[in-house]
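Here the structure is laid out as structure tokens; the discussion comes afterwards.
None of the values given here were measured: they were computed from a predicted structure.
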Amino acid sequence: MTSSFTVQAASGYEQLMGRWSRRLAPKFIDFAGLAGGEKVLDVGCGTGSLTFELAKSGDLAEIQAIDFSPIFVAAAKERNTDPRVTIQQADATALPFADNAFDRALALLVLHFVPEAGKAVAEMRRVTRPGGVVAAVVWDHYGGMTAMRMMVDTVAALSESGRQMRSRYCFQPMVQPGEMKRSFVEQGLADVTEAELMIRMDYADFDDFWAPIGAGEGPLGRYMTLDAAERERVEAAVRDAYEAGWPDGPRSFANVAWACRGIVP
């Protein structure tokens, strides 16, 4: 199963999203819960934001992490120094683990990039023991991603292709209120709870915001396969939106994510 997330380089992802997923990871762990001696699976580990936050809990017995991207897997492996952590390339919709292998299966900012997200939830349930926890968190692309909506709304005003990109971005799987909760219930999870988690994304200046997008990283970067003149037009328009009539410099944006947790019956 493919992923709809475009990866050019691990360093580009870190500037685009890794630094923010590290801020979100502790809030997500507090929501999902942990207990001593558990075996935990990180589905879609990326460069390791959740994996290595989990590893800060010294009493976990085992942390397994998978990602579809070999670029992310290589970067996470290079960072890893914890013998409890194992990282491998795998598909979230066909997890390479036995039934009931884990106490918790967690997914940080992943399910909205899985074309058949319900399959991934079903797999997370399969590999989690009865009484164990399945939990996931995704960005609220339509109503909660102010920094990225700034770009997509600006680009949508410039062209029909921009309008189409905005529609794809705003209505990815699992990003609407209650959508992930419904999927958890459909996959047979019990006591399903949904909550909102918020962080702020703080940028030093426009280039700090724009560099990974301009380099082609992520769902917005994929749009930047434009001719030189159109790229310049888009960058100038987004810069104007970022600056909002003030000199270039630091900007801070609130960003909301949907978190969902369920129990395996």
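- A salt bridge (Lys or Arg N to Asp or Glu O under 4.0 Å) check over residues 182-191, counting only residues at least two apart or in different chains, returns nothing.
- For the pair Ala90 and Pro96, the tightest heavy-atom approach, listed with the atom from each and the gap, is CB-CD, 3.6 Å.
- The backbone N or O of Ala254 sits less than 3.5 Å from a side-chain atom of Thr146, completing a donor-acceptor pair.
- Arg233 pairs by the side-chain hydrogen bond (donor to acceptor under 3.5 Å, both in side chains) definition with Glu230, not counting sequence neighbours.
- Counting Ile, Leu, Val, Met, Phe, Trp and Tyr side chains that sit under 4.5 Å apart, directly or through other members, Trp246 stands alone, with no cluster partners.
- Residues Met145 and Phe253 fail the side-chain proximity criterion, which asks for heavy atoms closer than 4.5 Å.
- In terms of heavy atoms, Gly188 sits closest to Pro265 at O-CG, 3.2 Å.
- Across all non-hydrogen atoms, the minimal contact from Ala241 to Thr154 is CB-OG1, 3.5 Å.
- Atom CD1 in Ile213 sits 5.5 Å away from atom CE in Met151 (nearest 0.5 Å).
- Aromatic ring centres of Phe113 and Trp139: separated by at least 6.0 Å.
- In the hydrophobic cluster analysis, where Ile, Leu, Val, Met, Phe, Trp and Tyr join through side-chain heavy atoms closer than 4.5 angstrom, Val43 is grouped together with Val138.
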- Item | side-chain hydrogen bond (donor to acceptor under 3.5 Å, both in side chains) assessment of Arg22 paired with Ser49 | CA-CA 5 Å; Arg22 284 195 295 276; Ser49 296; 4.5 Å; no
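- At least one donor-acceptor pair under 3.5 Å links the side chain of Gln176 to the backbone N or O of Cys170.
- A single hydrophobic cluster is not seen to contain both Leu54 and Phe102; linkage of ILVMFWY side chains at heavy-atom distances under 4.5 Å, directly or through other members, places them apart.
- With sequence neighbours left out, the side chain to side chain contact (heavy atoms under 4.5 Å, CB included) criterion links Ala122 to Gln187.
- The main-chain N or O of Met174 is never found under 3.5 Å from a side-chain atom of His112 such that the two would form a donor-acceptor pair.
- Within the 3.5 Å criterion, the main-chain N or O of Gly249 finds a donor-acceptor partner in the side chain of Tyr242.
- Note: Ile66 CD1 to Asp91 CG = 7.0 Å, rounded to the nearest 0.5 Å.
- In this structure Glu179 satisfies the salt bridge (charged side-chain N to carboxylate O under 4.0 Å, His left out) test with no other residue, sequence neighbours excluded.
- Residues that satisfy the side chain to side chain contact (heavy atoms under 4.5 Å, CB included) test with Glu53, not counting sequence neighbours, are Ala25, Pro26, Ile29, Lys56.
- In this view, Trp210 and Phe206 satisfy the ring-ring contact (aromatic ring centres under 6.0 Å, His included) rule, not counting sequence neighbours.
- Around atom CZ of Arg163, no more than 12 heavy atoms belonging to other residues, nucleotides or ligands sit under 6.0 Å away.
- For the pair Cys260/Thr193, no side-chain contact is recorded, criterion being any heavy-atom separation below 4.5 Å from C-beta on.
- In this structure, the side-chain hydrogen bond (donor to acceptor under 3.5 Å, both in side chains) partners of Glu62, at least two apart in sequence or on a different chain, are Gln64.
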- Message: Does Lys39 form a salt bridge (charged side-chain N to carboxylate O under 4.0 Å, His left out) with Asp103? I'd like the steps, not just the answer.
- Response: CA-CA 5 Å; Lys39 297 181 179 180; Asp103 299 289; over 6 Å; no
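- Taking every heavy atom of both residues into account, Gly214 and Arg231 meet most closely at O-NH2, 2.9 Å.
- Looking at residues two or more places apart in sequence or on another chain, you find a salt bridge (charged side-chain N to carboxylate O under 4.0 Å, His left out) between Arg166 and Asp153.
- At distances below 3.5 Å, at least one donor-acceptor pair connects side-chain atoms of Asp67 with backbone N or O atoms of Gly46.
- The ring-ring contact (aromatic ring centres under 6.0 Å, His included) contacts involving residues 28-53 comprise nothing, where partners must be two or more places apart or lie in separate chains.
- Taking all atoms of both residues into account, the shortest heavy-atom contact from Met148 to Tyr203 is CE-OH, 3.8 Å.
- At distances below 3.5 Å, not a single donor-acceptor pair connects side-chain atoms of Arg126 with backbone N or O atoms of Asn100.
- Applying the ring-ring contact (aromatic ring centres under 6.0 Å, His included) rule to pairs touching residues 171-198 yields Tyr142-Phe171, sequence neighbours excluded.
- Counting only residues at least two apart or in different chains, salt bridge (Lys or Arg N to Asp or Glu O under 4.0 Å) contacts with residues 234-263 comprise Asp207-Arg239, Arg239-Glu243, Arg239-Asp248.
- No donor-acceptor pair closer than 3.5 Å links the side chain of Glu196 to the backbone N or O of Trp258.
- For the pair Glu123 (side chain) and Ala92 (backbone), a donor-acceptor distance under 3.5 Å is absent.
- The shortest non-hydrogen separation linking Ala35 to Leu60 is O-CD2, 3.6 Å.
- No donor-acceptor pair under 3.5 Å is formed between the side chain of Arg104 and the backbone N or O of Thr128.
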